[in-house]
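See below for the structure under consideration.
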Protein chains: 2
Amino acid sequence: MIEISNAELSVMQVVWQRQPLSANDVIAGLGDDNDWHEKTVKTLLNRLVSKGALGFNKDGRAYLYYPLITEQDYQLQQSRSFVDRLFAGKVAPLVAGFASQNKLKPDDVQQLKQLIADWEQEQNHD
Amino acid sequence: MIEISNAELSVMQVVWQRQPLSANDVIAGLGDDNDWHEKTVKTLLNRLVSKGALGFNKDGRAYLYYPLITEQDYQLQQSRSFVDRLFAGKVAPLVAGFASQNKLKPDDVQQLKQLIADWEQEQNHD
DNA sequence: GCATGTTGATTACATCTGTAATAGTATGTG
DNA sequence: CACATACTATTACAGATGTAATCAACATGC
């Protein structure tokens, strides 16, 4: 299981958005969210390559990086591990926390209802 | 914001369950989940005290530890930060991931339905 | 062709983490 | 009282992380 640190994740997210891209593209893509030094970003790219999270092709002098794992897979893996650790694997209590903090927005709820409907559908026809 | 590492979290979870308790109680409480050396657990307790996550009262020679932050607060804080980082603050996509992996269990769904019902109720009467 | 700048590679360094071992201190036992 | 015990406090040490600086290689403008 590839472990991606917090800082590295920010880089991955840029690469997931638009790929492949150069180190400079990544630096630009990070924008104002992070104002890391250029060298810092290069280091993170390097580490991500070492970890097997990114691959690259040479484009003359520069590299063009692309993800080796999808954002979806990463999200799933992390979600499961997070919910396992903090909520004993149950997702409902997490959502309950959001609800209690008024962090649920109408379209969140709409999507949840849809999910549940689909899930129930699924239960029936098999 | 107090940062609790993974290993430290396991200790916190024991203390949240039953408090206050001694270092030995914690060691016993960790049970088979972790088979850390006694010294390791003491180190973790120490760090948690330094971080302000645990307090203690002396009980003769030994300390009795108790949490300075509630599990609820920690869960909320971590959930928000997790969902912000990976899902741009939207909780529904996280649940969708669970659904897609068949990780939703009937009682999860039941609780979610209840949450939504409550939420809608809330929306109406204010 | 040579100085320069650009790009990746290597090295740096403090802090945090996981995982203990050792030191210091108080306490109970004979 | 002296010693073994039982705790906590301090120290250790390697790997991960955040955050860069320096090095090396190569292309480019004079």
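Protein chains get the first letters and strands the later ones, always in sequence-line order, with residue 1 at the start of each. The figures here come from the full heavy-atom set of this structure, side chains too, leaving out hydrogens, waters and symmetry mates.
Between the B:E38 side chain and the B:A23 main chain, no donor and acceptor come within less than 3.5 Å of each other. Counting only distance, with no hydrogens or angles, the side chain of A:W119 and the backbone of B:K105 share no donor-acceptor pair below 3.5 Å. Judged by distance alone, with hydrogens and angles left aside, the side-chain atoms of B:E8 form a donor-acceptor pair with the main-chain N or O of B:S5 at under 3.5 Å. A donor-acceptor pair under 3.5 Å links the side-chain atoms of A:D108 to the main chain of B:A92, judged by distance alone. Not a single donor-acceptor pair under 3.5 Å links the side chain of B:K103 to the backbone N or O of A:R80.
Here A:K58 lies out of heavy-atom contact (under 4.0 Å) with every strand. Nucleic acid contact class of A:T43 (heavy atoms, under 4.0 Å, all strands): base.
Side-chain contact, A:Q77 with A:D73: no donor N or O sits under 3.5 Å from an acceptor N or O. Residues B:S22 and B:D25 have side chains that bring a donor and an acceptor to within less than 3.5 angstrom of each other.
Close approach of DNA chain C to chain A, defined as any atom under 4.0 Å from a non-hydrogen atom of the protein, starts and stops at C:dT7 to C:dA12.
For the pair B:Y63 OH and D:dA6 P, the computed distance is 18 Å after rounding to whole Å. Rounded to whole Å, atom C1' of D:dT8 lies 11 Å from atom CD of B:E38. With rounding to whole Å, A:N46 atom CG is found 16 Å from D:dA20 atom P. The CZ-C1' distance, from B:F56 to D:dT8, rounds to 9 Å in whole Å. Here D:dG18 presents its P atom at 10 Å from CG of A:L48, a figure rounded to the nearest Å. Atom pair A:L45:CG and D:dA20:C1' shows a separation of 14 Å (rounding to whole Å applied). At whole-Å resolution of the value, CD1 in A:I4 and P in D:dG18 are 12 Å apart. The distance from atom CG of B:L21 to atom P of D:dT8 is 12 Å, rounded to the nearest whole Å.
Using a 4.5 Å heavy-atom cutoff, the side chains of B:S100 and A:L76 are in contact.
At a cut-off of 3.5 angstrom, the base of D:dT11 holds no donor-acceptor pair with the side chain of B:R47. For a distance-only test at 3.5 Å, the side chain of A:K39 qualifies as a donor-acceptor partner of the base of D:dT22.
Across all non-hydrogen atoms, the minimal contact from B:W36 to B:A7 is CH2-O, 3.5 Å.
Summary of helix geometry: the two end axes of the helix from C:dG1-D:dC30 to C:dG30-D:dC1, each defined by five base pairs via their C1' atoms, are inclined to each other by 20° (rounded to 10°).
Nearest-nucleotide positions on DNA chain D place B:Y65 closer to the 5' end than the other of A:W36 and B:Y65.
Look at A:N6 and you won't find any side-chain N or O under 4.0 angstrom from OP1 or OP2 of D:dG18. Neither OP1 nor OP2 of D:dA16 sits under 4.0 Å from any side-chain N or O of A:S5.
Criterion: ILVMFWY side-chain heavy atoms under 4.5 Å apart, direct or through other members. Under it, A:V83 and B:F87 are part of a common hydrophobic cluster.
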